Amino acid sequence: MGNLLKVLTCTELEQGPNFFLDFENAQPTEGERDVWNQVNSVLQDSESILSGLQAYKGAGQEIRDAIQNPSDHTLQERAWNSVCPLVIKLKKFYSFSLRLEEAQQSLLECLTCPPYTPTQHLEKEQALAKQFAEILHFTLRFDELKMRIPAIQNDFSYYRRTISRNRINNMNLDIESEVNNEMANRMSLFYAEATPMLKTLSNATTNFVAENKTLPLENTTDCLSTMASVCKVMLETPEYSSRFSSEDTLLFCMRVMVGVIILYDHVHPNGAFNKSSKIDMKGCIKVLKDQPAENVEGLLNALKFTTKHLNDESTPKNIRTMLQ
C-alpha cells in the first residue's frame with residue numbers, strides 16, 4: 001500500500017497532533033492483539049469471497065429452458081441441479097456478511113471507547129484502524145461486483161419459487177436443511193439491496209450507537225469523519241499520493257473514504273452533507289471527480305444512492321449539483 005504516510009487531521013475536527021497511518025505495515029500491539037486476531041480470522045476469507053462472487057455465472061439459460069418447457073422433467077431437473085450449488089454459494093456470501101458485521105462491531109468498540117479521542121485511537125491502534133479500512137474496502141468491492149450480476153436475484157427467485165410451489169416433488173430437496181425458509185427470507189432481504197454489504201455495515205453501525213447509550217455519539221461519528229479526512233488528505237496531496245506503489249492504493253483510499261462517509265451519514269442525526277458536518281463533503285467529492293471516471297463511477301453512485309441525507313433540504317445545493 002505504499003510507504004508510511006504522514007497525515008494531517010482535519011483542523012475543523014480538532015487541533016490534534018499530526019499522526020501516521022501505515023496501511024501497509026501496521027502490526028498489532030499486545031493490547032490490540034485479541035481483537036486483531038478475531039477480525040483477522042474474518043478478513044483472511046475476504047479474498048476467497050470476492051473470487052467466488054467474481055466467478056458467479058448464474059443459471060440463466062437452464063432456468064429459461066425449464067420455464068419454457070414446464071412439462072420436460074429433464075430440463076426441470078437440470079435447472080434445479082444448476083441452481084442448488086449457486087444457492088449454497090449465496091448462503092456462504094450472506095453468512096460472511098454476518099461475520100463481517102460482528103468484526104466491525106468489535107473494531108468500533110475499540111476505536112471509540114474512552115478515555116481516548118477517536119484521533120488518539122487511530123494513532124495508537126493503527127493495526128485496528130487498518131482492519132476497519134480493509135472491511136470497508138472489501139465491502140465496496142463486493143457491492144460493486146454484486147451490482148453487475150443480475151443473475152444472483154434471478155437464480156434465488158427461481159429457487160424460492162421452486163421450493164414454495166413444491167413443483168419438483170421427486171427431486172433431491174436436501175438443500176432445505178441448509179437453506180430453510182427462515183434463512184431464505186433473510187437472504188432474500190440481503191440480496192434485494194443494491195449494496196447489501198454496505199447496508200449490513202450501516203445497520204451494524206446504527207445498532208452499535210443505539211446499543212451503547214452511555215457512549216457519546218461523537219465518539220463514533222468523529223472516528224468515521226477522521227478516517228474520511230485522512231483518506232481525503234492521502235488522495236489530494238501529491239506528497240502522499242506520489243508514494244503510492246500502485247493504483248490499487250488509490251482505489252483503496254477512495255473506497256474507504258466513501259465507506260466511512262456513508263456510515264457517518266447513517267449514524268449522525270444531521271448526516272454527512274449538512275453544513276455542520278465534520279466531513280468536508282465538497283473536498284471529498286472533488287477528490288473522487290479528479291480520478292478517471294471508470295474508477296469512481298460506482299463510488300459516486302454509492303454516495304448518491306446509499307446515503308440517507310443527500311436529498312435533505314439542509315444539503316447545500318452545490319453538493320447536490322456535484323453528485324448529479
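Throughout, numbering of the chain's residues begins at 1 and tracks the sequence. All values reported here derive from a predicted model rather than from experimental measurement.
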Judged by atom type as modelled, is there a donor-acceptor pair below 3.5 Å linking the side chain of [X] to the main-chain atoms of [Y]?
X: Ser82; Y: Arg78; result: yes
X: Lys275; Y: Pro316; result: no
X: Lys289; Y: Met322; result: yes

Can we say [X] and [Y] salt-bridge, meaning some charged N sits less than 4.0 Å from an Asp/Glu carboxylate O?
X: Arg33; Y: Glu30; result: yes
X: Glu144; Y: Arg255; result: yes
X: Lys130; Y: Glu32; result: no
X: Asp143; Y: Lys199; result: no

Determine whether [X] and [Y] make a side-chain contact, defined as any pair of heavy atoms from C-beta on separated by less than 4.5 Å.
X: Met227; Y: Met257; value: no
X: Lys92; Y: Lys89; value: no
X: Leu288; Y: Leu303; value: yes

Task: Test of ring centre spacing under 6.0 Å for Trp80 and Tyr159 - done: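 Yes, the ring of Trp80 comes within the 6.0 Å limit of the ring of Tyr159, centre to centre.
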Can you list every ring pair (Phe, Tyr, Trp, His ring centres under 6.0 Å) pair that touches [range], not counting sequence neighbours?
range: residues 97-137; value: Tyr116-His121, His137-Phe252
range: residues 265-315; value: Tyr264-His268
range: residues 179-211; value: Tyr94-Phe190

Open item on the list: Is a donor from one side chain sitting under 3.5 angstrom from an acceptor on the other, for Asp65 and Gln61?
Closed with: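 Checked: Asp65/Gln61 side chains pair up, N/O donor to acceptor below 3.5 Å.
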Task: Glu109: partners by side-chain hydrogen bond (donor to acceptor under 3.5 Å, both in side chains), with sequence neighbours left out - done: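 Per chain and number, Glu109 pairs via side-chain hydrogen bond (donor to acceptor under 3.5 Å, both in side chains) with no residue.
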Task: Heavy-atom pair with the smallest gap, counting every atom of Phe93 and Ile49 - done: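 Distance-wise, the nearest heavy atoms are CE2-O, 3.7 Å.
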- [ ] If a pair satisfies salt bridge (charged side-chain N to carboxylate O under 4.0 Å, His left out) and one of its residues is in residues 296-320, list it, with sequence neighbours excluded.
- [x]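 Qualifying pairs: none.
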TODO: State yes or no: do Leu189 and Ile149 share one hydrophobic cluster built from I, L, V, M, F, W and Y residues joined by side-chain heavy-atom distances below 4.5 Å, directly or via other members?
DONE: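 Cluster IDs for Leu189 and Ile149 differ.
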- [ ] Please list, chain by chain and in numerical order, all residues satisfying ring-ring contact (aromatic ring centres under 6.0 Å, His included) with Phe96, sequence neighbours excluded.
- [x]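 Here the qualifying residues are Phe138.
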